[in-house]
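See below for the structure under consideration.
All values reported here derive from a predicted model rather than from experimental measurement. Just so we're on the same page: letters track the sequence lines, and every chain starts at 1.
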Amino acid sequence: MTFRKLVEEAKKLLERAGVSNGKIVLSKNPNYGEATSPIAFDIAKRENLNPVEVAEKIVEKICGGRGRIIESVEALSGYINFKVDWRAYAEEILKTILSEREVYGSSSIGIGKKVIVEHTSVNPNKALHIGHARNVCIGDTLVRLFRFLGYDVLALNYIDDSGTQMADVILGITELGYSAEPPNGVRHDEYFGDVVYVEVSKRIEEDKQLEEKRRQIARMIEERDEKYYHLNRELVLKVLGDQLKTCWRLGASYDILNMESDIISYDIWREVFQKLVEIGAVYKAESGPKAGCWLLDLSKHPVLSKEGDEVLVKSDGSTTYVARDIAYAVWKLRGTSKDFKYRILTIDPWGREVLITDVNGEIEKNIGVPEYVLNVIDVRQKRPQEIIRYALGLLGLPSNRYIHYGYEVVAMSVRDAVKMGYTPEPKQEFVHMSGRRGLYVKVDTLLDMLKEKVSQEVLERHPDWSREKISDVSEKVAVGALRYCLIKPDVDKMIIVDTEEILKLEGDTGPYLQYSYARACRILEKADVDASTNPPPKLMEEEKKLLRRLAYFPTLLEEVGETLLIKTLANYAFNLASDFSKFYEEVPVLHTEEESLKRFRLAEVMAFKITLGNVLKILGIPLVEEM
RNA sequence: GGGCCCGUAGCUCAGCAUGGAUAGAGCAUCGGCCUUCUAAGCCGGGGGUCGGGGGUUCGAGUCCCCCCGGGCCCGCCA
């Protein structure tokens with residue numbers, strides 16, 4: 001029995017009173033019972049009656065009816081409140097959780113359905129900064145969520161290996177004397193990103209000739225020039241290898257790495273372009289500033305028509321990024337006869353194969369038709385993403401399945417930027433990160449800082465722990481802290497990271513969740529009797545509060561499965577942990593004299609551990625049994 | 001100029017999708033709680049024109065319109 005079933009029971013009672021499809025919600029205040037229906041307000045409005053009287057009449061018709069769990073139904077100021085028999089309800093909740101365990105909260109909605117989630121997609125010329133980390137954490141949480149719901153999920157990472165940013169680095173090596181190998185002990189992603197990319201960018205800004213050279217290099221990479229293409233590919237794979245280490249550290253995994261250069265190689269674009277020409281969706285500009293370009297006709301689009309048509313093929317015949325992305329999107333929706341070949345790049349820390357597209361690859365993979373394609377990309381790309389979606393529609397593909405999962409950017413506090421030598425404007429409140437200008441906080445740097453801070457705390461609490469154990473726990477807590485703070489805020493809100501602030505690990509943070517989990521583990525570990533779902537005659541308020549929250553988990557997941565608002569999971573996790581902390585303070589478990597009561601409370605702790613564990617797994621926050 | 005997003009306590013945010021009962025957390029601050037299952041915790045106090053104004057409604061932080069303040073996007077870059 002969960003809240004969901006309580007709702008069903010309440011609905012049946014309403015039906016007895018002739019009310020079909022009555023809305024039932026969780027009562028805001030437990031004094032009003034466990035479930036509430038505001039249906040009387042709707043009926044009263046429709047039929048011009050007094051809601052208070054309507055509610056009373058409905059309750060009369062239910063005539064003292066009760067269900068298996070529902071003990072009484074009351075009308076109060078227009079609301080219909082359902083009160084439960086807590087002994088029965090508590091027992092059902094615990095039985096459900098203890099039997100379903102790691103699948104508690106899941107449902108069968110995803111069985112047999114496919115979902116593609118593309119995330120991370122960082123240019124392979126630099127180390128990940130905290131802005132990228134938001135993308136990784138959101139994307140990976142979506143992957144975990146869909147997997148939990150039973151979907152067959154494909155996690156993709158789009159590698160733009162043929163853009164200007166790669167040309168910057170190649171230019172540095174071939175023309176400006178930078179070594180193609182980092183100094184000893186320095187990672188490739190950090191060397192190319194922190195040193196070569198930043199310094200070359202600066203020189204290009206000052207020297208027009210270098211800009212022209214970069215353009216030539218970009219072109220040669222795209223055209224698979226023997227020397228440049230191979231140098232580039234080699235470099236990309238090295239940087240990518242390091243980037244993946246960071247992503248894995250955050251707990252994110254990928255099934256396929258799609259190289260942009262391969263989208264070009266497989267010529268998916270040509271097929272898509274022909275179709276676009278056939279249906280008259282594109283046209284060639286004969287005159288004006290865009291003469292010679294092929295443009296996508298946006299004149300019928302309600303919003304984009306105001307901003308002019310979009311160039312897909314440049315006057316020199318090369319494709320724009322939007323064109324390549326349309327081709328890629330068509331592939332995701334199975335709208336092309338062409339397909340990639342793959343090879344195994346590596347095995348990730350969880351033992352899964354990571355495939356990478358490769359024209360010479362041996363592996364073929366039919367990815368199937370997805371129910372959804374989610375693209376985790378920050379809000380600045382809203383317009384191009386909408387253009388792609390629109391083009392898919394023109395091509396007759398189900399564009400409603402193509403979802404831009406947008407999120408606001410991560411910025412730095414002025415304080416942090418100043419530490420990096422930035423000079424702020426008078427009233428500036430944050431500083432946008434910029435890879436080109438070297439203004440960013442790297443994920444690994446931040447994680448290392450967090451880990452260092454956490455290990456100090458751990459050492460204080462557990463002076464007897466081994467170095468390995470301290471390191472292991474600290475790493476998990478550091479990752480939990482970062483993931484939580486990047487997932488918790490609404491995606492529409494900018495996050496301004498301040499390294500000093502983020503090191504505070506109290507209150508509404510990842511470690512708080514992990515701590516409450518660890519506390520529950522300790523109780524269970526020390527228990528000398530088995531748990532039992534047989535309830536005592538009376539429950540304490542803290543117990544009811546905890547059980548109420550536990551029962552709501554399946555309903556919450558159902559909602560999140562539809563809204564994709566993953567932050568509500570973070571919110572739930574905090575409230576659940578908070579309920580448990582209060583329970584922990586007020587409700588003795590191991591110190592209970594009466595054995596049957598102790599056994600019941602152990603079941604409550606167990607149910608909490610299972611449920612919080614399930615949420616944390618979805619959020620990618622590592623479980624810590626001791627801290 | 002056109003489009004999108006944000007504005008809730010001193011600070012950071014939840015609540016807005018699906019309008020409903022006294023607007024909730026965390027941080028900070030002040031005051032309590034460790035011979036009892038981990039104090040990364042718990043309890044209590046103070047702190048609110050929900051940016052402003054109109055409208056819809058029995059009822060608006062939530063929906064609609066206007067305005068103000070802040071951010072972003074509108075390139076033959078990606």
Does a side-chain N or O from [X] land closer than 4.0 Å to OP1 or OP2 of [N], or not?
X	N	answer
A:Lys504	B:A40	no
A:Lys567	B:G15	yes
A:Lys493	B:G7	yes
A:Lys526	B:U38	yes
A:Tyr512	B:C42	yes
A:His432	B:G71	no
A:Tyr515	B:A40	yes
A:Lys28	B:A21	yes

Any carboxylate oxygen within less than 4.0 angstrom of a Lys/Arg side-chain nitrogen, looking at A:Glu307 and A:Arg383?
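Looking at A:Glu307 and A:Arg383, the cut-off is met.
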Any carboxylate oxygen within less than 4.0 angstrom of a Lys/Arg side-chain nitrogen, looking at A:Lys582 and A:Glu542?
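Result for this pair is no, no salt bridge flagged.
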Take a 6.0 Å sphere around NZ of A:Lys453 and say whether it holds more than 12 heavy atoms from other residues, nucleotides or ligands.
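Correct, the count exceeds 12.
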A:Glu525, CD atom: more than 12 neighbouring heavy atoms under 6.0 Å
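Counting other residues, nucleotides and ligands, CD of A:Glu525 exceeds 12 neighbours.
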With the side chain of [X] defined as its heavy atoms from C-beta on, choose the nearest nucleotide among [options].
X	options	answer
A:Lys314	B:C76, B:G2, B:C43	B:C76
A:Asp492	B:C6, B:C37, B:G3	B:C6
A:Glu585	B:G41, B:A78, B:C76	B:G41
A:Leu76	B:U18, B:A39, B:A21	B:A21
A:Pro511	B:A17, B:G15, B:A40	B:A40
A:Thr164	B:A40, B:A17, B:C77	B:C77
A:Met627	B:C37, B:A40, B:A78	B:A40
A:Lys290	B:U38, B:A21, B:C76	B:C76

For [X], report the nucleic acid contact type (base, sugar-phosphate, nothing); a contact means any heavy atom under 4.0 Å.
X	value
A:Pro51	nothing
A:Gln514	nothing
A:Thr36	base
A:Phe574	sugar-phosphate
A:Ala291	base
A:Phe430	sugar-phosphate
A:Val587	base
A:Val473	nothing
A:Asn81	base
A:His462	nothing
A:Arg380	sugar-phosphate
A:Arg324	sugar-phosphate
A:Asp490	sugar-phosphate
A:Val379	nothing

Atom pair distance, as rounded to whole Å: [atom1] in [X] and [atom2] in [N]:
X	N	atom1	atom2	value
A:Lys545	B:C42	NZ	C1'	12 Å
A:Glu429	B:G10	CD	C1'	14 Å
A:Leu296	B:G75	CG	P	15 Å
A:Arg415	B:U12	CZ	P	13 Å
A:Glu506	B:U12	CD	C1'	16 Å
A:Leu505	B:A28	CG	P	12 Å

Backbone of A:Gly131 reached by a side-chain donor or acceptor of A:His129 within 3.5 Å
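Here the side-chain-to-backbone pair exists.
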Indicate yes or no for a side-chain donor-acceptor contact from A:Asn157 to the backbone of A:Ser121 under 3.5 Å, with no hydrogens or angles considered.
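Present.
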Can you find a donor-acceptor pair, distance only, under 3.5 Å between [X] side chain and [N] base?
X	N	result
A:Lys45	B:G59	yes
A:Thr320	B:C76	no
A:Asp508	B:U12	no
A:Glu307	B:G3	no

If the glycosidic angle sits within 90 degrees of zero it is syn, else anti. Tell me which applies to B:C34.
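The base of B:C34 is oriented syn (glycosidic angle within 90° of 0).
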Say you pick atom [atom1] in [N] and the same atom in [M]; how far apart are they, in whole Å?
N	M	atom1	answer
B:A9	B:C5	C1'	24 Å
B:G61	B:G52	C1'	14 Å
B:G10	B:C30	C1'	15 Å
B:G19	B:C63	C1'	7 Å
B:A21	B:C13	P	25 Å
B:G3	B:G75	P	16 Å
B:C11	B:G54	C1'	32 Å
B:C27	B:A40	C1'	14 Å

G-U wobble or Watson-Crick pairing nucleotide for B:C4 (cut-off 3.5 Å, both distances)
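Result: B:G71.
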Which nucleotide, in any strand shown, forms a Watson-Crick or G-U wobble pair with B:C42, with both distances under 3.5 Å?
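Looking at the geometry, B:C42 pairs with B:G32.
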If you measure from the ring centre of A:Phe41 to the centre of the six-membered ring in the base of B:G59, is it under 5.5 Å, with the planes under 30° apart?
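A:Phe41 ring does not meet the centre or angle cut-off for B:G59; no stack.
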Return the orientation label for the [X] and [Y] ring planes: parallel under 30°, perpendicular over 60°, tilted otherwise.
X	Y	result
A:His301	A:Tyr390	perpendicular
A:His462	A:Trp465	parallel
A:Tyr512	A:Phe574	tilted

Of A:Arg548, A:Lys83, A:Lys544, the residue whose pairing with A:Glu34 passes side-chain hydrogen bond (donor to acceptor under 3.5 Å, both in side chains)
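Looking at A:Arg548, A:Lys83, A:Lys544, the match for A:Glu34 under the side-chain hydrogen bond (donor to acceptor under 3.5 Å, both in side chains) is A:Arg548.
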